[in-house]
Amino acid sequence: MKRLEDYRGIVSDVIITDLHRRASLLHDRHVVHMNSTAQGGGVAEMLYALVPLMNDVGVDAGWRVLVGSDDFFGVTKKFHNGLQGDPVNLTDNKKRLYVQANESFSQYNHISRHDAVIIHDPQPLPIIRFYKKRQPWIWRCHIDLTEPDPGLWEFLKGYIMRYDLMIVSHERYLRPDLTVEQRVINPAIDPLNQKNIALPERTVMRYMKRHHIPLDKPLITQVSRFDKWKDPEGVVEVFKRVREKVDCRLVLAGNMATDDPEGLAIYERVRKRAGSLVASGDIIFLLGASDVAINALQRVSSVVLQKSLREGFGLTVSEAMWKGTPVVAGAVGGIPLQIVDGESGFLVDPTDLEQTADRVVTLLKDPALASAMAEAGVEHVREHFLVTRLLGHWLELLAELTPRR
Ligand code: UDP
C-alpha cells in the first residue's frame with residue numbers, strides 16, 4: 001500500500017509534516033469519488049494516485065466508477081467534445097440517455113453517511129439529482145471550459161447549480177455565469193507509481209526491445225488517447241517536417257479509455273495518414289502499453305510532443321518533464337501552467353506545424369539546451385505538480401467543507 005512516508009526525500013520534510021498535520025484534522029472523515037472509467041485518461045490516473053494516499057493519512061476515501069452502455073458513452077463523449085467547443089446537437093434522446101444512465105447507476109450505488117461526495121467530469125454530473133443530499137457535493141471538472149457549446153452548457157448548468165462547489169484545473173475555466181462557488185486545483189502526477197518511478201537503464205532497454213522500438217535514431221514521442229483534441233494526425237505532419245532536417249523516428253503511444261468510444265476510428269485515420277512511414281519503421285504505434293512501458297518510452301525519447309488543440313491539463317506533459325525529457329507542447333488549456341516557454345520546454349501554437357517542427361528540431365540539434373530545459377522542468381514539476389501537493393489541496397478543502405460533527 002502507498003504511504004505518505006514514501007514521498008519523504010522526493011518532497012521536503014516540511015511538506016510531509018504539513019500534510020500529516022492537515023490530515024490529523026480530518027480523522028475518520030468519509031468521502032467518495034465518482035468518475036466514469038478506471039482505465040485510460042488522466043482522471044483515472046490521478047485517482048489511482050490520490051485515493052490510496054487519502055486513506056493512508058486517515059481519510060476514509062472510496063472510488064466508484066459509473067457503469068454505462070455504449071450509447072451512454074457515445075453521448076457523453078459528444079458532451080465532452082461540446083464542452084471543449086464542438087457544436088452539439090442536443091436532442092431529447094441524448095438528454096434522456098444521459099440522465100437515465102445516471103438514475104439507474106444511483107440505484108445500486110448508495111451514498112449515505114459520507115461527509116463529502118466528489119464527482120469527476122460530466123458523465124456522472126446529473127447523478128446528484130437522485131440522492132437525498134446530506135453532505136457537500138463537489139463537481140470536479142477536468143475539461144477545458146473556455147468555450148462550451150452554449151446549449152449544452154445551459155443544460156448542464158441545471159445540474160452544476162445543485163452542487164456546493166465546482167473545481168477546475170485552470171483559472172481560465174472559471175465561469176462568470178455560475179452562482180456556484182468555484183475554485184482551481186491543479187492536477188498532479190504520482191512520482192512513485194509505475195508510470196513515473198525511476199527505472200534502471202537495463203529495464204528501459206528491455207522494454208524498448210520488447211516493443212520493437214529501435215534506438216538507432218532519436219525518438220520523438222506523443223503519449224495520448226487517440227482523440228481529435230490531441231491531434232495525432234497533426235503530430236504525423238510535424239514529424240514529416242522534422243525528418244526533413246533530422247533523421248529520427250516517431251512513436252505514437254495510445255490507449256482507448258473505456259468511456260471514449262471515438263478512439264478506434266481516430267487511430268485508423270492516423271494510421272492511414274502515417275502511410276508508408278509505418279512499414280518503413282519510421283512511425284511506430286504502441287497500443288495499450290503498460291505503465292512501465294510508457295515510463296520507459298518517456299525516458300528514452302529525445303523529445304516528447306503534446307500537440308493538443310485543447311487540453312484540460314495534460315498530465316503527459318508533467319510526466320515527461322519529471323523524467324528529464326524536454327517537451328514541445330501546444331500553448332493551450334493547462335499546458336502553459338506546466339511549461340515556461342523557452343525555459344522548461346517549448347510552447348507552440350499547435351496549429352502551426354512549421355513552428356512546432358522547428359522547436360523539435362532545435363531540441364534535437366542542441367543537446368545542451370535540451371538538457372538545461374529538462375533540468376528546469378524536473379524542478380518545476382517537483383514544486384507544483386506532484387500528488388503530495390494535490391493531496392494538500394484536498395485536505396485543506398475537506399477541512400473547510402466537512403467540519404467535525
Ligand atoms: N496514457 C497511457 N497510455 C497511453 C496513453 C495515455 O498510460 O497509451 C496515460 C498518460 O500517461 C496519462 C493519461 O493516460 O497519464 C492521460 O492523461 P492526460 O491528462 O494527458 O489526458 P486525458 O486523456 O485525461 O485527456
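The analysis underlying the following values was restricted to heavy atoms, covering all of them including side chains, and did not include hydrogens, waters or symmetry mates. Order of appearance sets the numbers: ligands from 1, and atoms from 1 within every ligand. For reference, positions follow the sequence shown, starting with 1.
When the options Asp144, Asn255, Ile335 are ranked by their closest heavy atom to atom 1 (N) of ligand 1, first place goes to Asn255. In the candidate list Gly40, Ser318, Ala293, Gly41, Gly41 is nearest to atom 13 (C) of ligand 1, counting heavy atoms. Selection from Gly254, Ser290, Gly42, Ala289 by nearest heavy atom to atom 8 (O) of ligand 1 gives Gly254.
Contact between Lys230 and ligand 1 is present, with at least one heavy atom of the residue lying under 4.0 Å from the ligand.
Listed for the Gln338 side chain is a donor-acceptor partner under 3.5 Å among the backbone atoms of Phe313.
Contacts with ligand 1 closer than 4.0 Å are made by side-chain heavy atoms of Ile294 only, the backbone lying farther away.
In terms of N/O distances under 3.5 Å, ligand 1 is not approached by Leu286. Of the N or O atoms in Gln298, none lie within a sub-3.5 Å distance of an N or O in ligand 1.
Side chain to side chain, Asn102 and Tyr159 fail the donor-acceptor criterion of an N or O pair below 3.5 Å. For the residue pair Ser224 and Gln306, a side-chain donor N or O sits within less than 3.5 Å of a side-chain acceptor on the partner. There is a side-chain donor-acceptor pair under 3.5 Å between Trp137 and Gln135.
Heavy-atom proximity to Lys195, at under 4.0 Å, picks out these atoms of ligand 1: 2 (C), 7 (O), 9 (C), 10 (C), 11 (O), 15 (O). In summary, the atoms of ligand 1 found under 4.0 Å from a heavy atom of Gly314, numbered by their order in the structure, are 19 (O), 20 (O). Using a 4.0 Å cut-off to heavy atoms of Ala253, the atoms of ligand 1 that qualify are 8 (O).
In terms of the side-chain hydrogen bond (donor to acceptor under 3.5 Å, both in side chains) criterion, residue partners of Glu154 (sequence neighbours excluded) are, by chain and number, Lys157.
Ring geometry for Tyr48 versus Trp63: interplanar angle over 60°, hence perpendicular rather than tilted (30 to 60°).
Taking the centre and axis of the six-membered ring of Trp153, the NZ or CZ atom of Arg175 falls inside the cone set by 45° and 6.0 Å.
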